Amino acid sequence: MRNLFLLLFICIQFAAVAQVDYSLFRRVQKKDSTIKMNVDAVYSRPFLQIGKTPVALGGYVEANSNYMVTNGKTEGMSFQMRRLTIFLSSSIGKRIKFLSEIEFEDGTKEINIEFAAVDIELHPLLNVRGGVIMNPIGSFNQNHDGPKWEFIDRPISATTIIPSTWSNVGFGLWGKYAKNKWAVAYEAYLSNGFDERIINNAENRTWIPASKLNPDRFEESSNGVPLTTVKAAVRHRKIGELGISWMGGVYNKFEDDGIELDKKRRIDLFAIDFNTRIKNKIYINTEWVWAFVDVPETFSQQYGNKQRGGFLDIVYPVLNRTILGFEHATFNVAARLEYADYNVGTFNETGGNIRDDIYAIVPGISFRPHPQTVLRANYRYHWQTDLLGNPAARTAGFQFGFSSYF
Amino acid sequence: MTKKTLLLLTAFLFFLAVSCKQLTEKITPQAPNDDQTLDGPIDGLSAVEKRQFLAGDAAFNGEVFFSATGLGPYFVATSCGSCHAIDGKGHPFTTLTRFGQSDTLGNTFLAQGAPQLQNRAIPGFTPEHIPAGAAFSKFMPPANSGLGFIESLTDTQILSNEDPLDANADGISGRANYVSAPDYFTAQSYHQSKNGKYVGRFGKKGAAVDLEHQTVNAYNQDMGITSEYALLEPAINGLAFPYFDGVPDPEVSTNTVNNVVFYLRTLKAPVQRNPYDGDVLTGKQIFMDLKCSSCHTPTWTTQQSRVPALVGKTFHPYTDLLLHDMGPGLDDGYTEGTALTYEWRTPALWGLGLSKKSQGGGYFLLHDGRATSIQQAIELHGGEAQTSKLQFSNLSGSDKDKLIKFLESL
């Protein structure tokens, strides 16, 4: 019922858009020419301003086809409506902004408020942000819009170790300072955080994204201890941007009704991200994460206390000019190498390595008729090894898709 | 549009088009041959049976229990598939421990949580420990393929190989373990009771009568999952049950238990690889000459079964399903049913060559996984198998290799 209602709501919205006089909307022109960093990702998106109102609208859509084979078995071809995201932003005052991002994933199976926060700029180096914020851990979580990427699937480590899109209710401070070729930025937030689902789930492994299933996480913290997320980043126009971030807190319900149930158990994630453009052409983007989870020793080693992973994307624009009448069109070749180890450690019984990992290689091509629209084709091959290190399950296949801002 | 763009665009469209069928077949991982896996149903199942097989497969391999769905609170592992990866043998990480019984009179540690040790616990609970003075043994998970064939043998067939007094003076006796069947057990026409007990066919000591018995116990003892058949959580040291676990019982539906039993019953038998290879054939001859086959009986034929596709089928498990004295080296001091502490049920050898694929790349053989190679497993035989073992030691290197090559082909 709720889904039906939401669907109806969207249809009406689109019907309304379809009927209105398009001259009402105008593309918001970006005046800001400072160096863009991941911290700016929420606002550096295309927006349409509605008439003379201070309200701007935007969003993107992502869909693809999928054909995957695992050890010779396939579910055949399927088409996936990955997500439809709608942004709404408004300038309340000169230095007060509001932006919300609502995402419909896999049709209307999942509806998430990914971002809904007010920014009050006290000083460029001191902005207060509160509401539903995206925790600044790594770079992908904040800069995840589909049309920005040449790959159909989101990076494995950025969705299964860092549980992108990971947003929570909270507040904090951020600031950015740019001078000449350099820019630095910081962010620091307190928010609601994880819960025991990370070691209490049907994935049979420590699964940090499982906390996203908690329906109450926008209403209350699972244990009353805020999750801290801190990030610092620096960018040089030529060298690129380097970010380091940490997100940590207590995940278990250590007491209830004043009765102590367990000691406080922590989860901490550290991430490093880097992106650059070599010779103004080859785009490199990478993010690595290490997660530490205090899993009770008497629980099973099936649930690991250390995880790590990362991805490296390389995008090379082969053509960059008018193609088929599209000005500034680009044709890219790209490759992603990625890896995630969900259980770093050794078995108590044998001292042997605990595996439970996945490696993937994803070559692809993409065509951008416009910088904000991408048509992409990926071939994906991954090797997934179980806990014990038995022969990897090999999966490979093709994906075609598009993603575009609107 | 320039020629180059046009060319690129065509290339792009071409990439789209061809990548569909033919190319996909070339550059996607191929299915392993049937003889390389233990998974898959027996031939001849009906459409309905296939569906039940798939439902059982999903529960066995896919259903992971966690505290909210009833895991534990005291447990050993979180799913059937965690211990029996790809239906194969386990790993030291998934071995389980039983304790408390050292003679045929029964387990004297039942009040202290025997027979099975639940050595893990969900957060907030303290796992069980082995009480002082209790004998114990570790059990390595066996493979689960082809069990329906074994379950379909008649008691008469199994008992016909018994030779408890070694009447034929070959040094090999062999007897069945008689165990008390659980309340929910319904004897089939091919079961015979003796003083209210039945022949055990499954487990290291042959302590489980049929696949339902084994499955219900596995849910309960290995994962702390209650079912209609076993409504109480497993016994734990010093805790009167039922203790609090917060999840309503039964934690697994009867339907699921039945599907899993059906899945086990209809899992195909392992398929021998290179059966006609010269070395393999010589190795098989050596296996017969050394009387390995006196316990590891190569071939059986089913007479009747609950599953029509299992009737009248000849299969090659390489076990007589009987208990044998294996000597002091393999005597852990712990036992079950009417078996003695040094007696073990002959394990099936089919699928032996695929063990590494589920044991993490190495071998962990014998009841507790102590042997890390086939040769070592043979060398640890004693008791009734002492003569066979000695003959094995006297083989030339190349004959040993051939015998092992044969065993690996199974």
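In the text below, chain A, chain B and the rest are named by the order of the sequence lines, each starting its count at 1. None of these values were measured; they are calculated from a predicted model.
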Problem - B:Thr69, part contacting chain A, at a heavy-atom distance under 4.5 Å - result: neither

Practice task
Decide yes or no for A:Thr395 and B:Pro29: does some side-chain heavy atom of the first lie under 4.5 Å from some side-chain heavy atom of the second?
Solution key: no

Problem - Distance-minimising heavy-atom pair for B:Thr28 and A:Ala396 - result: CG2-O, 3.6 Å

Exercise for the section: Could you tell me whether B:Phe136 atom CZ has more than 12 heavy atoms of other residues or ligands within 6.0 Å of it? Expected result: no

Problem - B:Ile27 backbone acceptor or donor facing A:Tyr379 side chain under 3.5 Å - result: yes

Handout entry: Segment of B:Gln359 engaging chain A (4.5 angstrom heavy-atom cut-off)
Key = backbone

Problem - Positions in residues 292-303 of chain A that reach chain B, provided some heavy atom is under 4.5 Å away - result: A:Pro296, A:Thr298, A:Phe299, A:Ser300, A:Gln301, A:Gln302, A:Tyr303

Problem - Proximal to chain A - members of residues 32-39 of chain B, heavy-atom separation under 4.5 Å - result: B:Pro32, B:Asp39

Fill in the blank from the handout: Those residues of residues 338-363 of chain A that come under 4.5 Å of chain B on a heavy-atom basis, listed by number, are A:Phe347, A:Glu349, A:Thr350

Practice task
Using a cut-off of under 4.5 Å on heavy-atom pairs, state which of A:Lys263, A:Met68, A:Arg394, A:Glu196 scores highest against chain B.
Solution key: A:Arg394

Fill in the blank from the handout: Taking every heavy atom of A:Leu387 against every heavy atom of B:Phe93, the minimum-distance pair comes out as CD2-CE2, 3.4 Å

Practice task
Rounded to the nearest 0.5 Å, what's the gap from NZ on B:Lys357 to CG on A:Asn390? Could you check?
Solution key: 10.0 Å

Exercise for the section: Tell me, out of B:Ala77, B:Pro127, B:Ala121, who's got the most heavy-atom pairs with chain A below 4.5 Å. Expected result: B:Ala121

Exercise for the section: May I ask you to check whether A:Asn200 and B:Ser67 show a side-chain donor-acceptor distance below 3.5 Å? Expected result: yes

Problem - Which atoms of B:Phe125 approach chain A - backbone, side chain, both or neither, heavy atom under 4.5 Å - result: backbone

Completion exercise
Heavy-atom closest pair (B:Pro123 atom, A:Ile199 atom, distance to 0.1 Å) is CG-CD1, 3.7 Å

Practice task
Please list, in residue-number order, every residue in residues 201-217 of chain A that has a heavy atom less than 4.5 Å from any heavy atom of chain B; write 'none' if there are none.
Solution key: A:Asn201, A:Ala202, A:Asn204

